[in-house]
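See below for the structure under consideration.
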Amino acid sequence: MTRPTVLLPVDLVDRETIAPGLVEFLSPASVLLLGLHSIPGQTSPKQARSQFLDADEEYLHELASQFDGEVETQVSYTHNGQKTIERVAAEIDKVGIVILGPAPNVDRVLVAIRGEINLPMIAEFVGLLLAGTDVEVTLYHATSEDDTTPADHEVLTALSEEIAGYEVDRTRITETVEHTDSPVRSFVEEAGEHDLLIVGEDKPTLVDRIFGDTHRKIARTADVPALVIRRPPE
Amino acid sequence: MSQDGESTADGDSDLDRTIGFAGALTIGTGTMIGAGIFVFPGLAAGEAGASASISFGIGAIVALLVALPTSELATAMPKSGGGYYFISRGFGAIAGSIVGISLTFGLIFASAFYLVGLGEYAAGIFVEVGVIADDDFSIGPLRVALVLGVIVGILLTVTSMFGTENTEALQNIVVGLLLAILAFFLSVSGLDVIGVVGESRSPGTFVPDEQEVIFTTAALVFTSYLGFAQIATVAEDIVDPGRNLPRSMIGSVVLVAILYAVTVYIAASTFEPSVLLDFGETATVEVAREYLGLPGAIVILFAGLLATFSSANASILSASRSLYALSADSIVPEKAAVINRKYGTPHFALGFVGGLAVLLTAYGQTEILAEVASFLHLIMYGLICFVLIAIRRRDPDWYAPSFHCPGYPIVPIIGGIASFALIPFMETLSIVLGTVVAIVSLAWYFLYARDVKLKDELE
C-alpha cells in the first residue's frame, strides 16, 4: 500500500513561507515540496532555471529542513503554475494538495463532506495526520434540503468509524450536519473557527474551470490553509 | 529526514513540449508576414511589374534551401540562440560573435521598420475615417505615423518588461485573423482579375526589359522572408521536432510565398507599374479600394496594422533572446540578459532592444535599415548552410539530429551560395551599412570577448 503524499506547492518568486502549525501537522505524511517559479510567456524556462536554480534550491531545502518526516523537493520553472501542480499531482497515487494559509497552530481541523466522494481516501489522510496527536476534527456536511435524511448522518458516522480505525480516539471526532440555504457561506463561517480545512475533491466542474477552484476561494475567504484530497485515479 | 534534491525545469521533459505543427507554423508565418505583405507587393510590382511574382519566388527558393539545413541543425541543437548558436559551435567564437551581435542589431532594425509601418497603417486609418486630413499631419517635429509607431513601440517594450501571459494565444489570434482577411481579399480580387466576376483584366507585362530587375527586386523583397528561422529558436518546445520543425519551416515559407505572389499578381493586373510605383507602400490599399471600396481599404489597413504589430513584437522578443544567447556564452556581459526576479523578464535586454527600436522609429528612415537587416540575415543564412557541412564532416559526439537535410551536400551548398549571391543585388548603401555593423561586432569581440571559450565548440 502506498503512503499518502502531501503535495505542497510553494511560490518561489514571493519566497512563500509555510506556517509553523502546518509544518507540524503535515510532518507525519510524505511531503513533496514543489517550488514553483512562475515566469511570463516570453521568458524561456531554461534561462530562468540557469539563473535562479541555486538560490531556489537553497531556499526550498531550508523549508524542507523544518519538516521532521520524509520530504522531497522539486523546483519547476513554469509558465503556468496550476498546470504544473496538476501534472505533478497526476503522477502520484494518493495525493492531497495543500493551499497555504496562516496557521500558527493546528488544533482543530474541519473535514467537509460532499456526498460519498472519496471517503476512504479522506479517512486515510485524516487518520495518518491525526494519529498520535491531540488535534480535534469536525466532520461537516452542509445540506440545503429542508430535512436531514438519516443518510446524511450515516455518511458521517461511517467516516468517523474509519478514522477511528487509524488510532484516533472517537472523543476527538465531532459530527455536524447543517441546514443552510447557502452551503458555501456556512462552510466558510465554519472554516473560520478551525485551523485547517480538509476537502475531498471531485473532478473540477465547468464552473471551477471558468472561475477558478471553489476550494481555493473558500480557503482564501476563511483565511485558513486547506488540504484538498484528490480522487484516486480510476 | 530524507531529502531529494531532484529538480526539473519545464522544458526538459517531453511532457512540457507544448508547440505543435500549427503553433510552429504560426510563429514562422507571424514573424514573416508583417515584414511587408502590404508594403512590398506595391514596391516590387512597381519595379518589375507582374514579374515581381518571380522575384518573390526566387526569395522563397532561397529561403527553402536555407530552411532545410536550419531544420537539421535545430533538431541537433535546440537552443534559443538559433543561428548564432550553430555558427559559433561550428565556426568558432569570432564568426559566432559577428553573426550574433550584428543579428541582434538586424532584429532591432527590423523592429523599427515594422513600427514605422504600423504607424503608417494607423495614420492611414485615421485619414480614411477623416480624423486627420492627410498623413503629412505632424505632431511637434514628427509626422503622425512616426508618433504612433513610437507610442506603440514604447507600449510593446513596457508590456514585455512586465511580462505578458498568453502571448502565444494572442499571436495565434492575430495571425489567424490576418490570414482570414487576406484570403478574403485575395479571393474577391483574384476572381475579378481572372474574369469570373466583372470583365477580365490584362495581367500586365510579365517579363520586364531587364532580367536584372527581377533579381534586384528579389533582393529588395527578401526582407519578406526574414523570420522562418525563428522557429529554430523555440526548437526545444516543439513536439516531435524531427517532423514538425522542417514541416513548419517549409510550410510557413510556402504559405507566405503564395500570399505574396498572388498579391503581387493581382496588384500588377490592376494598375500599371508606374501607377503602383506612385502609390508606393500603400499600393495594396489602393488595390483593395479598387475592388472593395472604402471598407476594403480600411480592412486592409487594419490587416497591415495587425501584421506589423505581430512582427514588431516577435522581433523585439527575438532580439532580446539573441542577447541572452550571447550573454550565456559571455560574448556580452551576463548582466545584459539577466532576468528581473519579480517580473521574470530580462529588463535590460528588453529595454535596450525596445529603446533602440523606438529611437530608430522616431528617426523614420527605416527602409534602408530593413535592407540592412536582410543583408545581415542573408550572411547568417549562408553561414548556416556551410556550418552544416562543417559539422557533418567533423561529426562530433553530441551531434544527433532527428531530421536530416535531404539532398546533402548539394542542398546546403546551393543554399549557401544562393544566400550570398543575392547580396550584390542589394543597394550599395545597405551593403556598406551592414558591413559596418559586422565590423563593429568584430571589434566588440576583440575588445571584450577575445578569451571566450565556448562549450561544445568543434576542435
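Naming convention: chains lettered A, B, ... in sequence-line order (proteins, then strands); numbering from 1 in each chain.
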For [X], is it the side chain, the backbone, both, or neither that has a heavy atom closer than 4.5 Å to a heavy atom of chain A?
X       : answer
S320(B) : neither
F162(B) : neither
L317(B) : side chain
V338(B) : both
A337(B) : both

Sort out for me which of H37(A), R15(A), K83(A) touches chain B most, counting heavy-atom pairs under 4.5 Å.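 If we count pairs closer than 4.5 Å to chain B, R15(A) comes out on top.
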
Pick whichever of I39(A), V13(A), L33(A) has the most heavy-atom pairs under 4.5 Å with chain B.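 Counting heavy-atom pairs under 4.5 Å, the top option is V13(A).
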
[atom1]/[X]: more than 12 non-hydrogen atoms of other groups inside 6.0 Å:
X       : atom1 : result
F52(A)  : CZ    : yes
E334(B) : CD    : no
E24(A)  : CD    : no

Looking at every heavy atom in both T43(A) and T345(B), which two are closest together, and how far apart are they?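 Scanning both residues, the minimum pair turns out to be OG1-CA, 3.8 Å.
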
If you look at every heavy atom in G163(B) and P40(A), which pair is closest and at what distance?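 In terms of heavy atoms, the two residues are closest at CA-CB, 3.6 Å.
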
What distance separates D56(A) CG from R341(B) CZ, expressed to the nearest 0.5 Å?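 The CZ atom of R341(B) is 6.5 Å from CG of D56(A), to the nearest 0.5 Å.
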
In Å, rounded to the nearest 0.5 Å, how long is the span from NZ of K79(B) to NZ of K46(A)?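 The NZ atom of K46(A) is 5.5 Å from NZ of K79(B), to the nearest 0.5 Å.
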
Interchain contact, [X] with chain B, by part (heavy-atom threshold 4.5 Å):
X      : result
S38(A) : neither
Q51(A) : side chain
L12(A) : backbone

Suppose we screen for ring-ring contact (aromatic ring centres under 6.0 Å, His included). Which residues come up paired with F348(B), at least two apart in sequence or across chains?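 Here the qualifying residues are F352(B).
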
Can you name the side-chain hydrogen bond (donor to acceptor under 3.5 Å, both in side chains) partners of T159(B), sequence neighbours left out?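 Applying side-chain hydrogen bond (donor to acceptor under 3.5 Å, both in side chains) to T159(B) gives none.
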
